[in-house]
Amino acid sequence: DFCLSRGLGDVYKRQAQISAGTFQDLYLGDYWSISGVNYLIAGFDYWLNTGDTPCTKHHVVVIPQNHLYTAAMNETNTTEGGYVGSQMYKTGLDQAKQTFANAFGAAHILNHREWLVNAVSNGKPSGGAWFDSTIELPNENMMYGSHIFAPASDGSTIPQNYTVCKSQLPLFRLAPQYSFTRSYWCWLRDVVSATHFGDASSFGYASCDSASNVVGVRPVGGIC
C-alpha cells in the first residue's frame with residue numbers, strides 16, 4: 001500500500017527482517033514517520049554486492065518525502081573537485097547524517113562503497129575514486145533512470161560518470177511523483193558544468209543550478 005505510515009516502534013520491529021533480507025510486510029512507498037520526517041521506502045538491496053569491497057548487508061533504501069533543510073553546494077559558483085570537493089560533501093550533509101542516525105540508530109545506517117567524482121575538467125567529471133558512503137545526495141540515475149544534464153561522451157572525452165547508482169530507484173519507477181517534492185527544488189550530486197550541479201525541480205522537471213544557490217537537501221541512505 002503506497003504511503004502506509006509506520007512509527008518508530010515499527011523500525012525496531014522490522015530491523016531483524018531487514019537484516020535477514022526477508023523484508024516481510026515492507027512495501028515500496030511505505031514510510032516511517034519519525035520526529036516530523038517521513039522516510040519513504042524507495043528500494044530494497046539496491047547496493048547489494050556493489051563496490052570494490054562488496055556490500056553484503058541487506059538493506060532498505062529510504063529517502064525523506066520532503067527536503068530536510070536548504071544549503072549551497074559551494075560558497076562560489078564552481079564544481080572544482082566535483083561532488084567530493086564540494087562544501088556539501090565535506091560538511092553540508094553533516095546535519096542530514098545526524099538526522100538519519102537519530103531516526104534509525106547509527107549502527108543501522110548502511111556503510112557501503114561508492115564511486116564518487118573528485119575532479120572536474122572543462123566542466124566535465126574527469127576523476128573519481130571509491131569512498132565509504134552512508135548518507136549522500138542522490139544522482140540523476142536514481143531519480144530519473146538516466147542522465148539528463150550530466151555530461152555525456154562527445155566522442156573524444158569520456159566523462160567520469162562511473163557509478164554503482166546506475167538505475168532508477170524502484171519507487172520512482174513505479175510512482176514518479178515521489179521523485180521530486182513540491183516543498184523545494186533539491187540538489188543532486190551530478191556535475192553539470194564548471195559552475196552547475198544537477199537538481200530535481202519542485203515543478204517536477206529535471207534541472208540544474210549554480211553551485212552557490214541555496215537549494216533543498218533531500219539525501220538518500222540505506223537502513224540495515
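The environment of CD in Glu80 is sparse: at most 12 heavy-atom neighbours from other residues, nucleotides or ligands sit within 6.0 Å. Atom OH of Tyr69 sits in a crowded spot, with more than 12 heavy atoms from other residues, nucleotides or ligands closer than 6.0 Å. Enclosure of atom NZ in Lys57 is not indicated, since only 12 or fewer non-hydrogen atoms of other residues, nucleotides or ligands lie within 6.0 angstrom.
The nearest pair of heavy atoms linking Ala42 to Pro170 is O-CD, 3.2 Å. Minimum heavy-atom separation, Phe197 to Ser86: CZ-CB, 4.4 Å. Of all heavy-atom pairs spanning Gly123 and Val191, the tightest one is O-CG1, 4.0 Å. For the pair Gly198 and Trp187, the tightest heavy-atom approach, listed with the atom from each and the gap, is O-CE3, 3.4 Å. Among all heavy-atom pairs drawn from Pro159 and Thr157, the shortest one is CD-O, 3.4 Å. In this structure, Pro219 and Ala96 approach most closely via the heavy-atom pair CG-CB, 3.6 Å.
Remark: the backbone N or O of Cys186 is not paired with any side-chain donor or acceptor of Asp199 at under 3.5 angstrom. A donor-acceptor pair under 3.5 Å is formed between the side chain of Tyr46 and the backbone N or O of Ser167. Between the side chain of His59 and the backbone N or O of Trp47, at least one donor-acceptor pair lies under 3.5 Å. Judged by distance alone, with hydrogens and angles left aside, the side-chain atoms of Arg218 form no donor-acceptor pair with the main-chain N or O of Ile63 at under 3.5 Å. Trp115 contributes no side-chain N or O that, together with a main-chain N or O of Gln160, makes up a donor-acceptor pair within less than 3.5 Å. Looking only at distances, a side-chain donor or acceptor of Asn161 sits under 3.5 Å from a matching main-chain atom of Pro151. For Asn74 (side chain) and Asn77 (main-chain N/O), no donor-acceptor pair under 3.5 Å exists by modelled atom type. Between the side chain of Asn139 and the backbone N or O of Asn141, at least one donor-acceptor pair lies under 3.5 Å. Remark: the backbone N or O of Ala150 is paired with a side-chain donor or acceptor of Glu140 at under 3.5 angstrom. A donor-acceptor contact shorter than 3.5 Å links the side chain of Thr79 to the backbone of Ser193.
Following chains of ILVMFWY side-chain contacts shorter than 4.5 Å, one can reach Phe172 starting from Met142, so the two form part of one hydrophobic cluster. A continuous path of Ile, Leu, Val, Met, Phe, Trp and Tyr side chains, each step under 4.5 Å between heavy atoms, connects Leu174 with Val62, placing both in one hydrophobic cluster. Residues Phe100 and Met88 share a hydrophobic cluster, clusters being chains of Ile/Leu/Val/Met/Phe/Trp/Tyr side chains in contact below 4.5 Å. Under the 4.5 Å side-chain heavy-atom criterion for ILVMFWY residues, no single connected hydrophobic cluster contains both Ile135 and Leu48. At a threshold of 4.5 Å between side-chain heavy atoms, the hydrophobic network of Ile, Leu, Val, Met, Phe, Trp and Tyr places Leu169 and Ile148 in one connected group.
Residues Val217 and Gln95 fail the side-chain proximity criterion, which asks for heavy atoms closer than 4.5 Å. Residues His67 and Trp185 form no side-chain contact, since every pair of their non-hydrogen atoms from C-beta on lies 4.5 Å or further apart. Counting only heavy atoms from C-beta outward, the side chains of Asn118 and Phe131 approach each other to under 4.5 Å. Residues Ile18 and Phe23 form a side-chain contact, since some pair of their non-hydrogen atoms from C-beta on lies under 4.5 Å apart. Val164 has its side chain within reach of Trp130: a pair of non-hydrogen atoms, C-beta onward, lies under 4.5 Å apart. Considering only heavy atoms from C-beta on, Leu110 comes within 4.5 Å of Cys55 through its side chain. By the 4.5 Å heavy-atom criterion applied to side chains, Val117 and Tyr89 are not counted as neighbours. Proximity of Met73 to Leu137: side-chain heavy atoms (C-beta onward) are separated by under 4.5 Å at one or more points.
Remark: of the listed residues Tyr31, Trp32, Phe104, Phe104 is the sole one forming a ring-ring contact (aromatic ring centres under 6.0 Å, His included) with Tyr39.
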Residue pair Asp45, His58: steps toward the side chain to side chain contact (heavy atoms under 4.5 Å, CB included) verdict:
CA-CA 6 Å; Asp45 281 350; His58 293 292; 2.8 Å; yes
Evaluate side chain to side chain donor-acceptor pair (under 3.5 Å) for Thr181 paired with Ser183, printing each intermediate quantity in order.
CA-CA 5 Å; Thr181 168; Ser183 67; 2.8 Å; yes
Do Tyr27 and Asp25 pass the side chain to side chain contact (heavy atoms under 4.5 Å, CB included) test, and can you show the C-alpha distance, the side-chain angles, and the key distance before you say yes or no?
CA-CA 7 Å; Tyr27 302 94; Asp25 198 31; 3.4 Å; yes
List the steps and the verdict of side chain to side chain contact (heavy atoms under 4.5 Å, CB included) for Glu136 and Tyr83.
CA-CA 10 Å; Glu136 304 288 359; Tyr83 173 61; 2.6 Å; yes
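Considering only residues two or more places apart in sequence or on other chains, Asp52 meets the side chain to side chain donor-acceptor pair (under 3.5 Å) condition with Arg113. Arg189 is linked by a salt bridge (charged side-chain N to carboxylate O under 4.0 Å, His left out) to Glu114, counting only residues two or more places apart in sequence or in another chain.
Atoms OG and CG, on Ser33 and Leu40 in that order, are 10.5 Å from each other to the nearest 0.5 Å.
Gln98 and Asp94 share no side-chain donor-acceptor pair at under 3.5 Å. Defined by atom type and a distance below 3.5 Å, a donor-acceptor pair is missing between the side-chain atoms of Thr134 and Asn111.
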